[in-house]
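This report concerns only the one structure given below.
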Amino acid sequence: MASLNDNLFTILLASQSVLDGTAALHTACGQMQVVFAAQSIRELSFQHSRSATAVDDPAFQTAFINWIKGLQQLTPSQQWCCLKPSGSRFQQTVWRALLDVPLGQRLTYRHIAEQIGKPQAARAVGGAIGANPLAILIPCHRIVPSGGGIGHYRWGVERKRVLLDAERRHGCDLAHLFESRWLKTRSN
């Protein structure tokens, strides 16, 4: 686990695209911002507009894709050790539970509330999910309302729909989102 982060952060030190612990990634679903702190990823969020300061750095993009591929091979407990999201104890409990949701599956807010031993806290679970600072890495997009539909998504309902459909129909893993071929897979 430590070597997984070590490999990424070795590349980061040499990368032109990392400024003040922040880097931009270009994905099939839009530009994302990565915030690093103390050899960990603190935030991964979709940006609403392209940053003028973003630099395309193929070495960083490749290192990040390889890091994601390695992350996906780990157990949820091991994945959690590679991520350092900042939040309350309750939020972190919810986010950690989300790592157990398999690729391509959808669970409800109520299911997550029951999983963490707080069956009456579905609404609070929804609030914690909405505050998830690690888009896609902590798969909050896989959580849907009990009443049907796909619910809300911090980074847009259409983006959530695209992510869910790609996972369900095509088995796209996280690394594909950061590779150009994901677009081809998604459009078929």
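The structure displayed is predicted, hence computed values, not measured ones.
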What I'd like to find out is whether the side chain of Pro133 reaches to under 4.5 Å of the side chain of Leu44, using heavy atoms alone.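 Not in contact.
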
With side chains defined as the heavy atoms from C-beta onward, is the minimum distance between Tyr109 and Ser146 less than 4.5 Å?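 No, every pair of side-chain atoms sits at 4.5 Å or beyond.
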
Quick one: [atom1] on [X] to [atom2] on [Y], what's the gap to the nearest 0.5 Å?
{"X": "Asn132", "Y": "Gln92", "atom1": "CG", "atom2": "CD", "value": "11.0 Å"}
{"X": "Leu134", "Y": "Leu83", "atom1": "CG", "atom2": "CG", "value": "5.5 Å"}
{"X": "Trp80", "Y": "Leu137", "atom1": "CH2", "atom2": "CG", "value": "11.5 Å"}
{"X": "Arg110", "Y": "Arg123", "atom1": "CZ", "atom2": "CZ", "value": "11.5 Å"}
{"X": "Ile150", "Y": "Arg161", "atom1": "CD1", "atom2": "CZ", "value": "4.0 Å"}
{"X": "Lys69", "Y": "Phe64", "atom1": "NZ", "atom2": "CZ", "value": "13.0 Å"}

For the backbone of [Y] and the side chain of [X], can you confirm whether one donor and one acceptor N or O come within less than 3.5 Å of each other?
{"X": "Lys118", "Y": "Gln115", "answer": "no"}
{"X": "Glu43", "Y": "Gln33", "answer": "no"}
{"X": "Trp95", "Y": "Cys140", "answer": "no"}
{"X": "Gln47", "Y": "Ser45", "answer": "yes"}

For Ala131 versus Gln91, what's the shortest heavy-atom pair and its separation?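 Scanning both residues, the minimum pair turns out to be CB-NE2, 3.5 Å.
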
Quick one: closest heavy-atom pair of Ala128 and Phe90, and the distance?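 Scanning both residues, the minimum pair turns out to be CB-CE2, 4.1 Å.
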
Can you sort out the partners of Arg142 under salt bridge (Lys or Arg N to Asp or Glu O under 4.0 Å), two or more places apart, ordered by chain and number?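 Arg142: salt bridge (Lys or Arg N to Asp or Glu O under 4.0 Å) contacts with Glu167.
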
Examine [X] and [Y] and state if one hydrophobic cluster contains both, with Ile, Leu, Val, Met, Phe, Trp and Tyr joined whenever side-chain heavy atoms are less than 4.5 Å apart.
{"X": "Val162", "Y": "Val157", "result": "no"}
{"X": "Leu74", "Y": "Ile136", "result": "yes"}
{"X": "Leu99", "Y": "Ile41", "result": "yes"}
{"X": "Met32", "Y": "Leu71", "result": "yes"}
{"X": "Phe46", "Y": "Ile138", "result": "yes"}

Crowding at CZ, Arg106 (>12 non-hydrogen neighbours, <6.0 Å):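 Enclosed: over 12 neighbouring heavy atoms sit under 6.0 Å from CZ of Arg106.
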
By the salt bridge (charged side-chain N to carboxylate O under 4.0 Å, His left out) test, which pairs, at least two apart or in different chains, include something from residues 91-100?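 As it turns out, there is no salt bridge (charged side-chain N to carboxylate O under 4.0 Å, His left out) pair with a partner in residues 91-100 once direct neighbours are skipped.
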
Going by the side chain to side chain contact (heavy atoms under 4.5 Å, CB included) test, name the single residue among Thr108, Ile129, Val125 that passes it with Ile143.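 The passing option is Ile129.
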
Would you sort out whether Val101 and Ile112 count as a side chain to side chain contact (heavy atoms under 4.5 Å, CB included), showing the intermediate values? CA-CA 9 Å; Val101 181; Ile112 298 299; 4.2 Å; yes

